[in-house]
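Computed from heavy atoms alone, side chains included, the values below leave out hydrogens, waters and symmetry copies. Proteins get letters first, then strands, A, B, ... in listed order; numbering begins at 1 in each.
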Amino acid sequence: MAFIEVRGLHKAFGGKPVLRGVDLDIERGRTTVILGQSGCGKSVLIKHIIGLLRPDRGSIVMDGVDLVKADERRLTEVRKRFGMLFQFAALFDSLTVAENVGFALREHTTLSDGEIHRIVITKLAQVGLRGVEDRYPAELSGGMRKRVGLARALAMDPDVVIFDEPTSGLDPVTSANIDQLILSVQKELGLTAIVISHDVASSYSIGDSIALLHEGRIVEVETPDGIRSSSNPIVRQFVERRVEGPIQIV
Amino acid sequence: MAVEKSWMEVLAPEKWAEFFGRRLTTLGDFTLMMARVVRLTFRRPFRTQLLFQQMEFIGVKSWFIILLTGTFTGMVFALQTYRGFAKFGSQALVGAISVMAITRELGPVLTSLMVTARAGSAMAAELGTMRVTEQVDALHTMAVDPVHYLLVPRIVAATLMLPFLTILFDFVGTLGCYFVAVPLLGVDPGDFTGRILELIKIGDVLQGLFKSTVFGFLLASIGCYRGFTADGGAKGVGEATVQGVVFACITILVGDYFLTALLFAA
């Protein structure tokens with residue numbers, strides 16, 4: 001049984017279907033990349049997994065708990081097992097880096113300020129940052145913001161970390177650096193990682209398995225090698241960056 | 001022909017139904033969220049640090065603007081009432097009538113409008129920015145209720161601070177009125193203060209403070225709600241801010257009539 005099982009997930013907004021029966025297994029301790037064109041519903045799918053949205057139909061079972069049927073209190077407990085790195089980091093502007101990283105610890109634990117500070121320093125070091133604790137997010141570069149966002153996502157030692165477009169808006173070198181960071185953190189901590197992306201090169205380098213979401217359904221789940229050699233025309237068009245094919249430009 | 005068609009479109013029953021339907025939905029959504037704010041106000045953890053920060057921002061940092069508004073309102077009211085009352089030889093009533101208007105109406109209403117412009121707009125813009133940059137979602141994913149963390153301290157702080165700002169307005173408004181009426185216009189100081197003590201009751205002041213408490217809740221909840229439900233990037237935040245301020249001002253002015261009628265009836 002997979003760590004997270006998504007079955008027959010449907011969601012529509014204002015009568016417009018976005019998810020049309022998503023089936024997906026997320027394996028424990030592995031990195032699953034959800035690949036798909038912009039606007040295909042990747043973020044909507046992730047928001048369902050983390051309990052921010054309720055589906056119209058379908059189920060999401062994590063470690064035996066049905067997240068769709070769970071009440072808000074149960075969902076709050078489940079969310080503590082997740083960490084999320086947002087596309088643009090979503091750091092709190094009014095808080096310093098240290099306050100951002102230590103935010104969840106302050107909210108959910110009874111640790112002293114000293115202990116929280118020690119964990120913050122450790123988490124920042126884990127993502128390769130030192131001496132930035134007192135800076136505000138506006139004083140950081142895009143790459144540094146993502147690193148701080150990752151340190152914040154790791155602060156509570158989560159079971160699952162979700163990466164929403166981790167390399168979007170970054171230059172190729174910084175992107176490769178972030179990929180390396182995701183790989184090393186995932187291996188070192190044995191995390192279950194879910195990565196949303198439309199960056200094929202990045203997906204090959206960090207994914208244990210890659211799922212392609214198209215028109216609200218998962219059309220293929222394969223290893224990076226399996227995706228490379230896939231004969232599925234949707235997969236082929238996506239990885240070969242062709243305009244002609246079954247994928248219509250939205 | 002085109003004009004006729006456009007009027008037909010405007011008057012079409014389904015357009016009106018859609019228009020009112022959307023507004024009713026928003027009103028229902030707002031009411032539910034405020035019911036949640038009230039419920040969460042008494043739920044742990046009590047975020048006293050955030051509450052004090054907001055009380056400082058909404059209350060303490062608004063003192064100067066209220067000081068200016070109150071002083072000049074009192075001064076101009078003295079000028080206007082003096083001109084009117086001089087026609088009947090009742091200049092001695094300038095102080096009492098001005099203070100009655102200030103404590104019952106001008107104090108709570110103008111204080112609330114000024115705080116809406118300064119703090120209500122800031123609340124809508126800040127929460128709107130947090131919404132469109134996914135900071136609100138980040139709170140959710142960290143298992144923190146954004147309504148409890150963001151809305152409750154702001155709304156409680158505004159509700160608590162508005163009466164204090166209104167007291168400041170009432171005080172400086174009365175002083176402004178005095179300095180125009182007595183030294184400049186020659187009203188007898190004994191008449192000025194004597195008539196105030198004779199005609200102004202503590203109930204007049206309390207009525208104004210009650211109104212300002214209600215307006216504090218309304219301006220903060222409308223500003224917070226519009227910011228919290230903003231979408232569509234920078235443009236959406238701008239629209240949310242404008243709508244938050246406009247709706248809050250209109251609600252204060254319309255609500256003032258109904259509150260006054262209610263208080264008179266009581």
Side-chain angles (χ1 to χ4, degrees), chain A residues 13-14 43-44 46-53 70 72-95 99-110 113 137-138 145 148-150 152-156 158 160-165 168 194, chain B residues 18 21-22 25-26 29 32-33 35-36 39-40 43-54 56-58 61 119 122-123 125-150 152-154 157 227-234 237:
Chain A
F13 293 103
S43 295
V44 172
I46 285 305
K47 283 182 178 173
H48 279 88
I49 292 176
I50 210 160
L52 292 179
L53 289 174
E72 194 54 39
R73 220 175 66 183
R74 190 74 196 261
L75 271 178
T76 302
E77 288 308 308
V78 171
R79 281 188 198 126
K80 290 179 190 170
R81 299 178 66 186
F82 282 94
M84 182 154 177
L85 171 59
F86 286 83
Q87 189 171 357
F88 300 105
L91 301 177
F92 303 125
D93 302 326
S94 55
L95 303 183
E99 287 167 339
N100 264 286
V101 177
F103 186 86
L105 294 165
R106 234 170 225 111
E107 283 292 319
H108 300 302
T109 69
T110 52
D113 286 351
R145 280 164 159 257
V148 174
L150 180 54
R152 185 176 72 176
L154 297 174
M156 290 281 284
V160 186
V161 178
I162 296 171
F163 299 87
D164 186 1
E165 309 272 11
S168 100
I194 305 171
Chain B
E18 191 192 331
R22 267 208 310 269
T25 308
T26 306
D29 194 37
L32 285 175
M33 190 178 279
R36 219 168 137 230
R39 212 171 53 242
L40 291 175
R43 185 174 294 175
R44 287 172 189 277
F46 300 118
R47 302 182 188 280
T48 43
Q49 196 187 342
L50 286 177
L51 177 65
F52 285 131
Q53 278 173 6
Q54 290 302 322
E56 188 199 7
F57 174 68
I58 296 163
K61 290 187 174 172
M123 287 181 209
E126 187 180 3
L127 296 188
T129 306
M130 289 188 77
R131 166 65 73 188
V132 300
T133 56
E134 296 186 306
Q135 292 177 54
V136 174
D137 286 342
L139 281 171
H140 263 303
T141 58
M142 286 191 274
V144 175
D145 185 338
V147 173
H148 192 246
Y149 187 82
L150 297 172
V152 169
R154 284 168 171 79
F228 198 72
T229 53
D231 58 9
V237 175

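For the pair A:F86 and B:T133, the minimum side-chain heavy-atom distance is 4.5 Å or more. Under the 4.5 Å side-chain criterion, counting only non-hydrogen atoms from C-beta, A:E72 is not in contact with B:D145. Side chains of A:R152 and B:M142 form a contact here, defined as non-hydrogen atoms less than 4.5 Å apart.
Heavy-atom pairs under 4.5 Å with chain B were tallied for A:E77, A:H108, A:K47; the largest tally goes to A:H108.
The number of heavy-atom neighbours closer than 6.0 Å to CG of B:D29, taken from other residues, nucleotides and ligands shown, is above 12. Applying the 6.0 Å contact sphere to CZ of B:F52 captures no more than 12 heavy atoms from other residues, nucleotides or ligands. Shown here is B:R22, whose CZ atom has more than 12 heavy atoms of other residues, nucleotides or ligands within 6.0 Å.
For the atom pair CD (A:E107) and CG (B:L139), the distance works out to 8.0 Å, reported to the nearest 0.5 Å. Rounded to the nearest 0.5 angstrom, B:D137 CG and A:M84 CE are separated by 7.5 Å. Atom CG of A:D93 sits about 7.5 Å away from atom OG1 of B:T129, to the nearest 0.5 Å.
Among the candidates A:L75, A:L52, A:T76, A:I50, the single residue satisfying the side-chain contact (heavy atoms from CB on, under 4.5 Å) test with B:H140 is A:L52.
Heavy atoms closer than 4.5 Å to chain B are found in the backbone of A:L91, but not in its side chain.
For the residue pair A:A90 and B:Q135, the shortest heavy atom distance occurs at O-CG, 3.9 Å.
In this structure, B:Y149 has its ring center under 6.0 Å from that of A:F103.
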